[in-house]
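By convention in this document, chain letters (A, B, ...) are assigned in the order of the sequence lines, proteins followed by strands, and residues within each chain are numbered from 1. A quick note: this is a predicted structure, and the numbers were derived from the prediction, not measured.
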Number of protein chains: 2
Amino acid sequence: MIMEPRLYTTSADYVYQELRHQIVTKQMKPGQRLPEVNIAVQMGVSRTPVREALRRLASEGLVLIIPNSGARLASPTRREMEDTYAVREQLECISVGIAATRISERNLRRLDDSVLEEEKAFEEKNLELYLEVNENFHRIIAESSGNRVLAEYVENILARTNAYVVFYDPFYDIDDNPSIAHHKGIALALKEKNSEKAVKLMREHLKLSLSDLNKPA
Amino acid sequence: MIMEPRLYTTSADYVYQELRHQIVTKQMKPGQRLPEVNIAVQMGVSRTPVREALRRLASEGLVLIIPNSGARLASPTRREMEDTYAVREQLECISVGIAATRISERNLRRLDDSVLEEEKAFEEKNLELYLEVNENFHRIIAESSGNRVLAEYVENILARTNAYVVFYDPFYDIDDNPSIAHHKGIALALKEKNSEKAVKLMREHLKLSLSDLNKPA
DNA sequence: ACATGAATACATGCATGCTATCACAGATAC
DNA sequence: GTATCTGTGATAGCATGCATGTATTCATGT
């Protein structure tokens with residue numbers, strides 16, 4: 001499996017992606033302090049781009065910044081996760097509902113591809129790839145809604161919820177991953193242009209994702 | 001009327017608020033370039049806090065940043081505004097629906113106060129105050145939902161839509177402002193704990209707000 | 001007149017150093 | 001023992017300078 005290198009245009013972008021990577025791959029503990037200098041030294045850059053990356057992560061709710069005090073990794077409570085999923089449900093349901101009425105053939109194919117990749121990543125137990133592809137599935141749907149603003153918000157909340165992986169293990173039930181089956185169902189509903197069905201399945205899918213957060217990390 | 005000074009903890013925060021003020025009070029044209037140095041000189045600070053403020057505004061969709069090139073004020077198309085309002089409708093409807101089931105007496109009073117202030121600001125034709133109070137009405141409801149994440153997203157989209165004031169004149173119909181009447185209706189529905197009614201009124205209210213964007217600036 | 005390309009002016013991205021503020025430990029008072 | 005004060009170290013906020021990339025202008029050729 002060839003891991004394509006992360007692409008970035010600026011140092012700040014690099015730091016952002018790298019930090020996000022470290023969070024998702026459980027290299028950091030929720031609530032831990034994130035001093036600018038430490039990160040700067042570790043990544044071989046100055047504090048400036050680190051500051052920028054931290055603020056971006058803060059806008060996604062992954063990092064908490066206290067003025068004049070510093071940044072620390074978020075440590076969402078069970079309640080906060082539920083709240084986040086409540087919002088995500090709203091955004092994604094409207095997103096998939098609209099997408100069903102206007103998704104292009106090309107995006108339907110991209111959706112199928114993404115499900116295939118997802119299965120592969122799951123078999124290989126490649127956590128990072130799995131999350132990335134999983135996220136991509138939802139991203140394609142949001143894009144297909146044709147509402148740019150909506151897509152932007154979905155993107156933001158995907159970043160939040162994906163970080164919650166720190167709290168659970170998506171490979172816990174070794175042979176069983178209903179999530180992929182759900183994605184297949186949603187993709188099918190979109191092919192059929194069945195808006196109601198797509199929304200219903202998406203809602204169920206997200207309820208399940210939330211309950212997954214109970215699986216041991 | 002005593003205009004309380006804007007409060008801020010850091011220079012970056014000051015620049016952020018000041019820029020936002022200038023946008024809302026129509027001192028800047030949509031699409032105009034926003035060079036860091038210009039702003040820095042104008043506000044008597046260095047480029048660093050200006051950069052930070054610009055990125056924050058970008059996360060609210062008010063400013064467009066092109067890497068290595070610069071920032072410019074957003075110039076949303078009619079389509080983008082509609083898209084934004086579609087998202088806002090989703091977020092605010094769920095927000096007011098939940099709020100109706102659990103809003104505190106204290107917040108009900110704050111809501112009433114905010115409507116009164118709104119009427120006063122409208123009579124005085126005080127644009128900035130009017131917008132601030134208007135925004136506050138929606139903010140109180142979002143807070144009352146008890147969902148912090150939802151409140152955060154509502155806050156963000158309020159910032160976006162309020163900036164659209166650049167494109168229209170809320171005092172265009174001199175004697176008539178149905179928006180305030182709507183707010184009264186929503187506040188009443190909340191008092192009655194009538195969730196359905198509150199959602200319905202909020203939806204109508206936002207549809208109207210969107211159509212208001214046709215009024216000449 | 002128009003397109004192409006080089007030169008120049010300009011703006012951003014980043015590194016670095018200084019200053020103001022905060023967090024924490026130890027001391028002091030009660 | 002608890003609470004409050006105080007000093008010291010650590011950390012973020014900001015200013016500044018340099019390097020890099022972008023936009024604009026103007027010359028050149030067709």
Within the structure shown, what part of the strands sits under 4.0 Å from Arg55(A) by heavy-atom distance: base, sugar-phosphate, or nothing?
sugar-phosphate
Mark yes or no: Lys125(B) above the aromatic ring of Phe122(B), with NZ or CZ under 6.0 Å from the six-membered ring centre and no more than 45 degrees from the axis.
yes
Can you establish whether the number of heavy atoms outside [X] located under 6.0 Å from its atom [atom1] is more than 12?
{"X": "Arg139(B)", "atom1": "CZ", "answer": "yes"}
{"X": "Glu105(B)", "atom1": "CD", "answer": "no"}
{"X": "Arg106(A)", "atom1": "CZ", "answer": "no"}

Worked check of salt bridge (charged side-chain N to carboxylate O under 4.0 Å, His left out) between Lys184(B) and Glu119(B)
CA-CA 11 Å; Lys184(B) 282 181 183 167; Glu119(B) 282 182 318; 2.7 Å; yes
Under a 4.0 Å heavy-atom criterion, the protein footprint on nucleotides 4-10 of chain D, written with B, S and -, is -------
May I ask you to verify if any side-chain N or O of Ser11(A) is less than 4.0 angstrom from the OP1 or OP2 atom of dC14(C)?
yes
Do the side-chain N or O atoms of Ser69(A) get closer than 4.0 angstrom to the phosphate oxygens (OP1, OP2) of dT21(C)?
no
Measure from the side-chain N and O atoms of Asn126(A) to the backbone N and O of Leu129(A), and report whether any donor-acceptor pair falls under 3.5 Å.
yes
In terms of heavy-atom contacts, Ala187(B) and Asp112(B) come closest through CB-OD1, 4.2 Å
Kindly state which residues belonging to residues 32-52 of chain B come within less than 4.0 angstrom of DNA chain C, counting heavy atoms of the residue only, listed by number.
Leu34(B), Pro35(B), Glu36(B), Arg47(B), Arg51(B)
